[in-house]
Amino acid sequence: MKALTSKHLPSTTTTLIHRAIVGAPDWWRDAVIYQVYPRSFADSNGDGIGDLPGVTAHLDHLVELGVDAVWLSPFYRSPQKDGGYDVADYREVDPLLGTLADVDALLAAAHEQGLRVLVDLVPNHTSSAHGWFQEALASAPGSAARDRYVFRTGRGELGEEPPNNWLSKFGGPAWTRVTEADDSPGEWYLHLFDSSQPDLNWENAQLHAEFEQVLRFWLDRGVDGFRIDVAHGLVKAPELPDWTGRTTTVTGRKRRPNLTDEGPMWDQDGVHEILRAWRQVVAEYPGDRALVAEAWVQPIERLARYVRPDETHQAFNFEFLKTRWSVPQYRAVITESLEANDSVGATTTWVLSNHDVVRHPSRLGLKKAGSFPAGIAATDEQPDEHRGLMRGRAASLLMLGLPGSAYLYQGEELGLPEATELPAEARQDPTFLGTDGKEIGRDGCRVPLPWVADAPAFGFSPSGASWLPQPASFARYALDSQLGVPGSTYEMYRAALHLRRVRRLGSGSLAWVVGLAGTRKKKVLAFINRDVMIVMNLGAAALPITPGCAVLITSRRLGIDAEGRQTIPRDTTVWLRFGS
Ligand code: NOJ
Ligand code: CA
């Protein structure tokens, strides 16, 4: 860290945390990557389920928005018990979502329009419908087929107790007992998630070879990389020791969910060997293909181990996503993220929303702003929609001003809130179904997108069908309600992405600025990235725009003070440029 003084900001202290990249960065280092959850993006054939042709038909939206790449959540053949994160065949497309030819068409269209495409790799578990698991069930204990999974004999005299005390993240024991071919009660298999998602055994060398082929299958088809599901869970501690800490995310809505995965089933050293091998595979292909790890580990230094030079290129920064609405917390998490990633030569990522968490405007609209419920039900505290949206926009503009790579989740560019009033019969998240609704689950952030305010299903589906019902309020969030409307959330994102690109903020620097005129340290976050100063005001007092600065973009309409100067109101982020 080096202290700087700027001639533009005479009374301030400026502390450089992160230097700009010199030369052209690898594409992913400053990329904005847009997550498509295919079943909720756009439905082309009217069955109410979004599909791959629907994605292809709307790629122009992503180009207009100005993102660099798309990450597609799973579209593989699947019984859809966990939104496709239960894969029955890694090389086939689920007929609900399309065909292999549709993937090829999507890749070709995306590449033609300058978008890269990452696909999801789900290596921790398969679906119980996968041929490997069906073969394992039909085979004897000790067989090669069973060795692809984690089968064990139970405890107790008759093996009637699970092999250890681990809990599934989705509730209940992490073990299910099978019936052997002769109808006798048999071995147990491990599933860190739903019982329909048996964990694979990454001690098995054949599995390594088989997965490498899966990677090559998609790389040969032209994907630009993979998002690796549950990257921190592939390897379990030898002997599978009991664990008395928390494992499950299912806690009931009154308690905070377990936000970091701890225990002998997570973040074992062995996972890094697997990631290294995959890095070598993608490196063989031209075009800078990239890997991003989903790893819910803590602290940030631990996460940085996943992005060492020979491992995954990126890892989602969930510490940023979990940050409360607090300047000291944002300052700390941003500093720690940049320092930890810089220490291994990696790029920091930033993310606020995805298909597993309550949408960030709704989290920020709660009394405890930025707290982290595992879903919001109609009977829970309802977020303040307006305040949440204002804060959500401020958080997004903060994120997009940071150096590094940013992940957007479909619909956040529209400012979509969480759907909190979905009827029980519509809900499909296995955490809801498996807990008799005690856990409300993740459906609220997965409601199909509104494209057109006065079309059936808000333009999601030509038939008006929608696999989850869309709230009436989605009309005012629909893309066509916001297109070309100054100050709309969509236009804010579009302008921010454009500015970020032309001012090269993604490959830029970060220097904290403390002591701007009129600010209080705990209420105002300010930093300089290249020639842009980003200021976020969380305090009640409106803040005068720094003299000598011009406003590039703002998350909310600015105020005017008694002397006629522009001011930054509460819960607002602005980007400023030195000079008029
Ligand atoms: C993380 C995925 O994002 C989530 O949706 C899924 O339920 C679990 N992994 C299990 O695959
Ligand atoms: Ca469809």
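Ligands are counted one by one from 1 in listed order, and the atoms in each one are counted from 1 as well.
- The aromatic rings of W350 and F320 sit perpendicular to each other, their planes meeting at more than 60°, with 30° as the lower class boundary.
- At least one N, O or S atom of N45, from either the backbone or the side chain, sits less than 3.0 Å from the Ca ion (ligand 2).
- Each of the atoms 9 (N) of ligand 1 lies under 4.0 Å from some heavy atom of V230.
- Between the side chains of H313 and T347, no donor-acceptor pair of N or O atoms lies under 3.5 Å.
- Residue H125 has at least one heavy-atom neighbour below 4.0 Å for each of these atoms of ligand 1: 10 (C), 11 (O).
- Counting the atoms of ligand 1 from 1 in the order shown, those under 4.0 Å from a heavy atom of D229 are 1 (C), 2 (C), 3 (O), 9 (N), 10 (C), 11 (O).
- W467 and D47 share no donor-acceptor pair across their side chains, judged by distance under 3.5 Å alone.
- The protein heavy-atom contact nearest to atom 8 (C) of ligand 1 is F193 CE2, 3.8 Å.
- Salt bridge absent: D224 and R289 never bring a charged side-chain N and a carboxylate O closer than 4.0 Å.
- In this structure, K169 has no heavy atom closer than 4.0 Å to ligand 1.
- Among the heteroatoms counted here (N, O or S) of D47, OD1 is the one nearest to the Ca ion (ligand 2).
- Using a 3.5 Å distance cut-off with no hydrogens or angles, the side chains of Y493 and S396 do pair a donor with an acceptor.
- For the residue pair R39 / Q80, a side-chain donor-acceptor distance below 3.5 Å is found, with atom types taken as modelled.
- The minimum distance between the Ca ion (ligand 2) and any N, O or S atom of D51 involves atom OD2.
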Using the rule given for side chain to side chain donor-acceptor pair (under 3.5 Å), can you reason through Y306 versus D267, listing the C-alpha separation, both sets of side-chain angles and the distance that settles it, and then say yes or no? CA-CA 10 Å; Y306 287 75; D267 199 21; 2.6 Å; yes
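- Considering just the N/O/S atoms of D43, the one nearest the Ca ion (ligand 2) carries the name OD1.
- At least one N/O/S atom of I49, whether from backbone or side chain, sits less than 3.0 Å from the Ca ion (ligand 2).
- Look at R442 and D82 and you find a salt bridge, because one of the NZ, NE, NH1 or NH2 atoms lies within 4.0 Å of a carboxylate O, short of that distance.
- For atom 6 (C) of ligand 1, the closest non-hydrogen atom of the protein is D82 OD2, 3.4 Å.
- Here is the list of ligand 1 atoms found below 4.0 Å of a heavy atom in R442: 4 (C), 5 (O), 6 (C), 7 (O).
- Taking a cut-off of under 4.0 Å to the non-hydrogen atoms of F170, the atoms of ligand 1 that pass are 7 (O).
- Residue contact check for ligand 1: R446 places a non-hydrogen atom closer than 4.0 Å to it.
- In the model, D86 has no side-chain atom that pairs as donor or acceptor with a side-chain atom of H130 under 3.5 Å.
- Among protein heavy atoms, the minimum distance from atom 5 (O) of ligand 1 is reached at D356 OD1, 2.7 Å.
- Ring geometry, F41 versus H61: the interplanar angle falls from 30° to 60°, so the pair is classed tilted.
- Look at R227 and you'll find a heavy atom under 4.0 Å from some atom of ligand 1.
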